[in-house]
Amino acid sequence: MTGLRLGPLLRYVDEDSATVWVETGAPCEVTVACDGGATGTDRTWQVAGHHYALVPVEGLAPGGETPYRVLLDGTQVWPLPDSPYPPSVIRTLPPGGRGPLSVAFGSCRWAAPPSGSRSHLAAVPGVPGDRHDPAGPDALDTLAATLAGDPARPRPDVLLLLGDQVYADQTSEATAALLARRRDTSRPPWTQVADYEEYTHLYEESWLDPEVRWLLSTVPSCMIFDDHDVIDDWNTSAAWLTRMRATPWWRDRILGGLMSYWVHQHLGNLSPAELARDELYSRVRAAADGTDLVRDFAAAADADPTCARWSYRRDFGRVRLVMVDTRATRVLDEGSRAMLDAQEAKWLRQEVLDAPGGYDHLLIGSSLPWLLPHLVHDAEVWNAALCGGARGPRWARRGEALRQRADLEHWSAFPESFAALAELISAAGSGPAAPATVCVLSGDVHHAYVAEPHWPAGQGPAGRVLQLTCSPVHNSIPAVMRAGFRFGWSRAGRWLGRALARHVGAARPPVSWRRTGGPWFGNQLMTLTLRGRDARLTLDQARQTAARRGGRGRAAGRGARLERVLDRSLT
C-alpha cells in the first residue's frame, strides 16, 4: 500500500478554496475529502525519485471550519490511526473579508540543534534549555501542543514563516550521520547538505516532528526563504558569489536548494488559479519525471534572477500581504548594488500600490528587517561605502572581508534600496484610502523588537508604520551577541554609528526611528490580530516548565508553555 511520506501541509486558503501538499511513497491518486462533500483529487508528480501532489480543494463554505481526510488510491492515510491530535481542518476566510484575521509569524527554526552546538550553548548564561535541547523549547512545537491541548483556544488564521525553515549549513547529529553513510563528509561540503536528495531529508526532519506536522496540517502557511535555506550569507556580495562559484560543490548545492524550495515551499504559496497558469508546474505534472525540468529552471534562476519570481502577494479580505524575496534577486555589482533588481522593485511597487479599493492593513514580509538597531544600520552603511571605494582600495578590501565575516548585508547595506522602501511605504500609507497600519514583518536577527519610523514633518504617511521583528522560532544567540544588540539600540551605540557614517561621508537616512518594544530574546512567535482598522500585537515565548524537561515532540510540548510577554494595541 502506498504510504504518506510527508505532510499533509495546508497551504493556501481563501473564502472557498484551499490547497493541500503531500509527499507520498509511490505514484498514486491523492484525494482530500472534506466533511460536507467538498473534495479535491490529483495525481502525484515526480522529482528526483520523490512523489508529490498539491491538491486543490474548491467549493468550500466561506467562513467555515471543515475537517478533512487524505486518501491515497482510496485508502485513508490521514489522520493517522489513533492520533492524539484533534482533526485537521480547513478554516476558510469569512465572506468579503469580514471578521478578524490572526497572523502569526517568526523565522529561524532548527528542527534539531546542529552537531556540536551542545557544548557551545551549555556555557552561555541565560540560554533556556537542557542537555537534550540547549536552545530551549521550540515555539512551533509549543504552539501546537497548546492548541492540541485546548481546542477552544483561538488558532492563527495563517502562519508566516519568514526564512530559515531548514538549515542546509548547520545539520543535526542525526542528519550528519545520514550524510556520512551516503558520502565522505571529511571533504567539502562536509556535513552540510550537498544536493536535492539531502535537502529532502532536511524537510523530513523538520516537518515530521509530530506536533509540527499536525500544526502545519491545520493552520495555513505562507513561506519565504532566507540564507540558511541555502547557505549562511547567501548572496552577500559579488566577491562572495565569485568565491562560492569557484568551489566544486556549490553548483549542486544551489540547484538542490532552489529545486527543493520550489517543490516544498514555493508552490504552496500560490493560489489554485496561479498554479493553473504556472507553465513549469503544468509541464512537471504532465511529465513522467520532472527532475530535468525543475533542475533546468533552478539553473536558469541561479544564472539570471529575472527568470524566476519567488515573491508573491496574498489578500485576506482587506488585509494585503506582500512577501518579498530579499535573497535571490539582489544586484551585487559594486556601484549598482540593490536589494531588489529593477524588475522585482517594479513588481513590489505595483503590488503595494495597485489597490483601487484600498485596504485596511498592509503587511510587507521581508526575511531581513528594514529597520535595525541604529549601530548595526550605520555600520552596514559605513561598510557599504568602504566596499564601494569611499576610502580607497585598501579600505575596500578590508570592508569586503568584514562584510562577509560580520553578515553586513541587510537593507541598510543597500542604502538606495533602504531609501526606496521608505519612499514606497510613505506612498502606500498616504492618500484618502491609506491603510491604518503598514507593518514590515521580519526575522533573521535572533531577537524580537518593535521599531517605529518617523519621516520629516509633512512627508510621512497618514497611517502608523511599524517594523515588527520576531526571531528565532527555535535557535540560539550567544550572550555576547545579545549584549551587542542591546548596545546597538542604546544612545552610545547610536553615537558610535553616526561616527562611522561620518567617516565615509554617508548622508543621514530618509527616516529616523526608535525602538518601542524589546529587545526580547528566546524562542518566540509574534501574532498580529487585525479587526477592521484596529490592530493588536502579541508576543509569546516558549518556556520550559518544571513538570517535564528534555526530549522533543509530544514530550517537549507537554514540558513547555507559551508565556505572553507583550500585548499591545497598535491603533
Side-chain angles (χ1 to χ4, degrees), residues 124-127 366 368-386 390-391 395 398-399 402-403 405-415 417-419 421-422 425-426 437-461 464-472 477-522 524 526 537 539 541 565-570:
V124 178
V127 172
S366 166
L368 302 178
W370 172 51
L371 303 179
L372 288 165
H374 298 96
L375 173 56
V376 179
H377 174 95
D378 285 330
E380 294 197 353
V381 171
W382 168 76
N383 177 261
L386 291 183
R391 302 286 293 188
W395 276 100
R398 293 172 177 171
L402 178 62
R403 176 158 62 187
R405 193 163 54 245
D407 297 354
L408 303 179
E409 38 90 37
H410 298 78
W411 284 92
S412 46
F414 301 82
S417 297
F418 178 94
L421 184 57
I425 289 172
S426 179
T437 65
V438 178
C439 297
V440 181
L441 312 182
S442 305
D444 179 70
V445 291
H446 290 204
H447 69 296
Y449 60 89
V450 180
E452 189 163 0
H454 299 278
W455 278 257
Q459 297 181 25
R464 193 172 187 187
V465 178
L466 295 162
Q467 168 71 66
L468 306 178
T469 303
C470 183
S471 168
I477 181 169
V480 66
M481 290 184 65
R482 285 184 285 162
F485 280 126
R486 288 193 175 99
F487 180 72
W489 284 114
S490 69
R491 288 186 179 181
R494 183 179 298 195
W495 177 88
L496 178 57
R498 291 312 305 159
L500 290 174
R502 285 194 297 270
H503 178 249
V504 293
R508 288 187 176 273
V511 295
S512 60
W513 61 96
R514 62 188 180 95
R515 175 177 52 85
T516 57
W520 296 281
F521 297 94
Q524 49 207 349
M526 274 184 175
L537 177 68
L539 175 68
Q541 291 190 340
V565 297
L566 174 70
D567 189 342
R568 176 187 300 176
S569 173
L570 301 181

Sequence neighbours left out, what passes side chain to side chain donor-acceptor pair (under 3.5 Å) with Arg494? Give chain and number order.
-> His374

Can you tell me how far OG of Ser366 sits from CD of Gln467, rounded to the nearest 0.5 angstrom?
-> 7.5 Å

Where the side chain of Ser426 meets the backbone of Gln459, is there a donor-acceptor pair that is under 3.5 Å apart?
-> yes

Residue pairs fulfilling salt bridge (charged side-chain N to carboxylate O under 4.0 Å, His left out) with at least one residue in residues 501-513, sequence neighbours excluded | none

List in chain and number order the residues that pass side-chain contact (heavy atoms from CB on, under 4.5 Å) with Pro509, two or more places apart in sequence or in another chain; answer none if no residue qualifies.
-> His377, Phe418, Arg498, Trp513

Could you list the residues that satisfy side chain to side chain donor-acceptor pair (under 3.5 Å) with Ser471, not counting sequence neighbours?
-> none

Contacts of type side-chain contact (heavy atoms from CB on, under 4.5 Å), residue Leu537, not counting sequence neighbours | Val450, Leu468, Met526, Leu528, Leu566, Leu570

Please identify each residue that fulfils side-chain contact (heavy atoms from CB on, under 4.5 Å) with Ser417, with sequence neighbours left out.
-> Ala338, Met339, Trp411, Phe414

The side chain to side chain donor-acceptor pair (under 3.5 Å) partners of Asn383 (sequence neighbours excluded) come to none

Residues in side chain to side chain donor-acceptor pair (under 3.5 Å) with Asp567, at least two apart?
-> Arg536

Please identify each residue that fulfils salt bridge (charged side-chain N to carboxylate O under 4.0 Å, His left out) with Glu409, with sequence neighbours left out.
-> Arg327, Arg330

For the atom pair OH (Tyr449) and CG (Leu539), what is the distance rounded to the nearest 0.5 Å?
-> 13.5 Å

With sequence neighbours left out, what residues match Trp520 under ring pair (Phe, Tyr, Trp, His ring centres under 6.0 Å)?
-> none

Under the side-chain contact (heavy atoms from CB on, under 4.5 Å) test, residues paired with His454 that sit two or more places apart | Glu452, Ser512, Arg514

Pairs in or reaching into residues 437-451: which pass salt bridge (charged side-chain N to carboxylate O under 4.0 Å, His left out), with residues at least two apart or in two chains?
-> none

